[in-house]
Amino acid sequence: MRIVLKLFAGLLLIFLLLVVCWNWRPASVPVVAVQGPMPAGFIWGVSSSAFQSEGGDVDSNWNRYNDRTPGQDRYGRSVDFRHRYRDDIELARTLGINTYRIGISWARIEPKKGQYDETELAYYDDLILALKQAGIAPLITLDHFTYPGWVLEQGAWSNPQTTADFVAYTRLIAQRYHADVHLWITFNEAAFFMAGEAGARKLGLHGILDMRRNLIRAHRQAYGVIHALDAQARVTSNIVWMGDHLRDAPLRWLTDWMFLDAVEDKCDVIAIDYYASDVVAVLKVGKHWKWPPDPPGLYRALKMLKAQYPGKPLLIAETGMATENGKPREDGIKREDVLRDGVYWTQHAREDGVKVIGYMVWSLTDNFEWGSYTPRFGLYTVNALTDPTLARIPTAAVPAYQQIIRDGGVGADYRPVLAQ
Ligand code: BGC
């Protein structure tokens, strides 16, 4: 009986502690004037992925998932980046950015195992040339949740053969572009890639662990391949920021364990995708356009990452906010304010000793948000489902970003609009 009472008291204590801790997060930071612009060489960029913006009937896992999923928007041409990249690069150039995160679609260039499509390779050659001509450095993502249909047929990432095939693809791309590309992402958000594949391919625990092992090996080998060609290259795999509330910690640990912990020594930079600081709130509201953007949380995230990965440079590889089909948000939050505030807090963190090397906005244009065109993240809006011309319509965040880049950040008189 006494033991039962003790157990009960123990559980009660744990429960009470959990309740108390539920809302705990690092303290707010005083708002102060920023001291100056970002240094020369700071990365100002935009981010995109191949599948989400290129469009077209490519045989990839995601084209197949979309074809078989009735409730989703049809992928179609997406925003046709495949053919409009030169126009989009011109938009990027007028923003003033110095880095453009693009994706290479493995499925596009290797539609059949061992057979490369020269037309599609020529497209990427020209894309990289166009960026160079615009004075913009490319950051290449080798895998952003997609892979060829034949890889799916061989068991996707559950099959160790996929690691070997991915490394061969990486070698091809790195040999082709290493002179012009010095920043690389192997896998976008590997932990989320595993979660997505677990859902789409109905993977059990074994399947997930197999995928984990094969992705880790692939990253480690790809790192070696790229570094053998360019010792100065910076290679990483970006993570999603999982929040800084105490209640977010288990998810943070789990996602770190899934990938980053196992490849940290093979990441020259720690790259984060920052959309919110409160994962529970994000899960609760669900819809992208309801996610609560929290620019001050970016400061806290950068500080926490500095403590977790001392000495490593940090890159904000994606950050932004969504609207619903371009409509004003219900909470009144504006894209240009989130952008200016995000830059303010990044400058602030840098001035407080965080080695943050870049700020990359997701995304230049709206794109296919994994099944839907409704969430709009673009600096330029594109009505993919209703506008046959796919016109790029600037949002108010375009002049805001131009000004920020021109000035190297926000000025000393800038005070954040969004409260902590
Ligand atoms: C992904 C992007 C996605 C964005 C917004 C990131 O986690 O890398 O593919 O579009 O979030 O949801």
Side-chain angles (χ1 to χ4, degrees), residues 45-55 60-63 65-66 72-73 75 78-79 81 100-106 139-147 184-197 199-200 215 236-243 248 251-252 255 258-260 270-279 281-283 285-294 297-298 301 315-326 329 335 338-339 342 359-382 384 397:
V46 290
S47 283
S48 64
S49 84
F51 175 74
Q52 288 177 272
S53 55
E54 284 178 343
S60 79
N61 59 328
W62 252 96
N63 290 72
Y65 298 160
N66 184 241
Q72 296 187 353
D73 286 337
Y75 172 62
S78 183
V79 294
F81 182 78
Y100 197 140
R101 177 176 163 207
I102 54 164
I104 302 260
S105 164
W106 182 10
L139 184 170
I140 285 185
T141 308
L142 289 162
D143 187 315
H144 199 122
F145 300 160
T146 66
Y147 49 79
W184 299 82
I185 287 176
T186 53
F187 297 101
N188 177 71
E189 301 175 353
F192 271 67
F193 185 24
M194 289 180 231
E197 288 285 285
L215 284 182
T236 189
S237 167
N238 52 327
I239 56 165
V240 188
W241 182 243
M242 296 304 296
D248 303 326
L251 217 49
R252 248 189 358 251
T255 50
M258 296 274 282
F259 198 71
L260 189 57
I270 300 296
I272 63 156
D273 297 350
Y274 182 85
Y275 292 96
S277 68
D278 185 345
V279 172
V282 165
L283 293 174
V285 296
K287 306 285 185 202
H288 298 74
W289 53 91
K290 294 191 171 166
W291 292 357
D294 178 23
L298 180 55
L315 171 69
I316 301 158
E318 288 180 27
T319 186
M321 59 147 248
T323 62
E324 180 184 11
N325 277 325
R329 284 175 61 116
R335 190 183 306 286
V338 171
L339 175 61
Y359 191 95
M360 308 194 73
V361 173
W362 184 273
S363 186
L364 180 73
T365 66
D366 293 336
N367 54 37
F368 186 67
E369 185 55 44
W370 307 109
S372 173
Y373 284 107
T374 305
R376 303 295 182 88
F377 283 91
L379 296 170
Y380 285 84
T381 283
V382 186

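We count ligands from 1, going down the list as the structure has it; atoms in each ligand are counted the same way. Because the structure is predicted, anything quoted here is derived from the model rather than measured. All residue numbers refer to positions in the sequence shown, counting from 1.
- Each of the following atoms of ligand 1 lies closer than 4.0 Å to a heavy atom of Trp291: 12 (O).
- Among Glu189, His288, Glu369, Met321, the residue whose heavy atom sits closest to atom 7 (O) of ligand 1 is Glu189.
- Distances shorter than 4.0 angstrom occur between a heavy atom of Tyr275 and an atom of ligand 1.
- Here is the list of ligand 1 atoms found below 4.0 Å of a heavy atom in Trp370: 2 (C), 3 (C), 9 (O), 10 (O).
- Contact annotation for Phe377 and ligand 1: only side-chain heavy atoms (C-beta onward) come within less than 4.0 Å of the ligand.
- Backbone and side-chain nitrogen or oxygen atoms of His144 are examined, and one is located within less than 3.5 angstrom of a nitrogen or oxygen of ligand 1.
- Summary of contacts: the protein heavy atom closest to atom 1 (C) of ligand 1 is Glu318 OE1, 3.5 Å.
- Between the side chain of Thr186 and the main chain of Ser237, no donor-acceptor pair closer than 3.5 Å is present.
- Between Tyr275 and Phe377, the ring planes are perpendicular. Angles over 60° get that label, and only those under 30° would be called parallel.
- Centroid-to-centroid, the aromatic rings of Tyr75 and Phe51 come within less than 6.0 Å.
- Residue Gln52 has at least one N or O atom closer than 3.5 Å to an N or O atom of ligand 1.
- Of the possible polar contacts, none joining the Tyr373 side chain to the Ala384 backbone as a donor-acceptor pair under 3.5 Å is found.
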Query raised in the report: What do the steps show when you test Trp362 against His288 for ring-ring contact (aromatic ring centres under 6.0 Å, His included), and what is the final call?
Result: CA-CA 13 Å; Trp362 184 273; His288 298 74; over 10 Å; no
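- Using modelled atom types, one side-chain atom of Ser48 and one backbone atom of Arg101 make a donor-acceptor pair closer than 3.5 Å.
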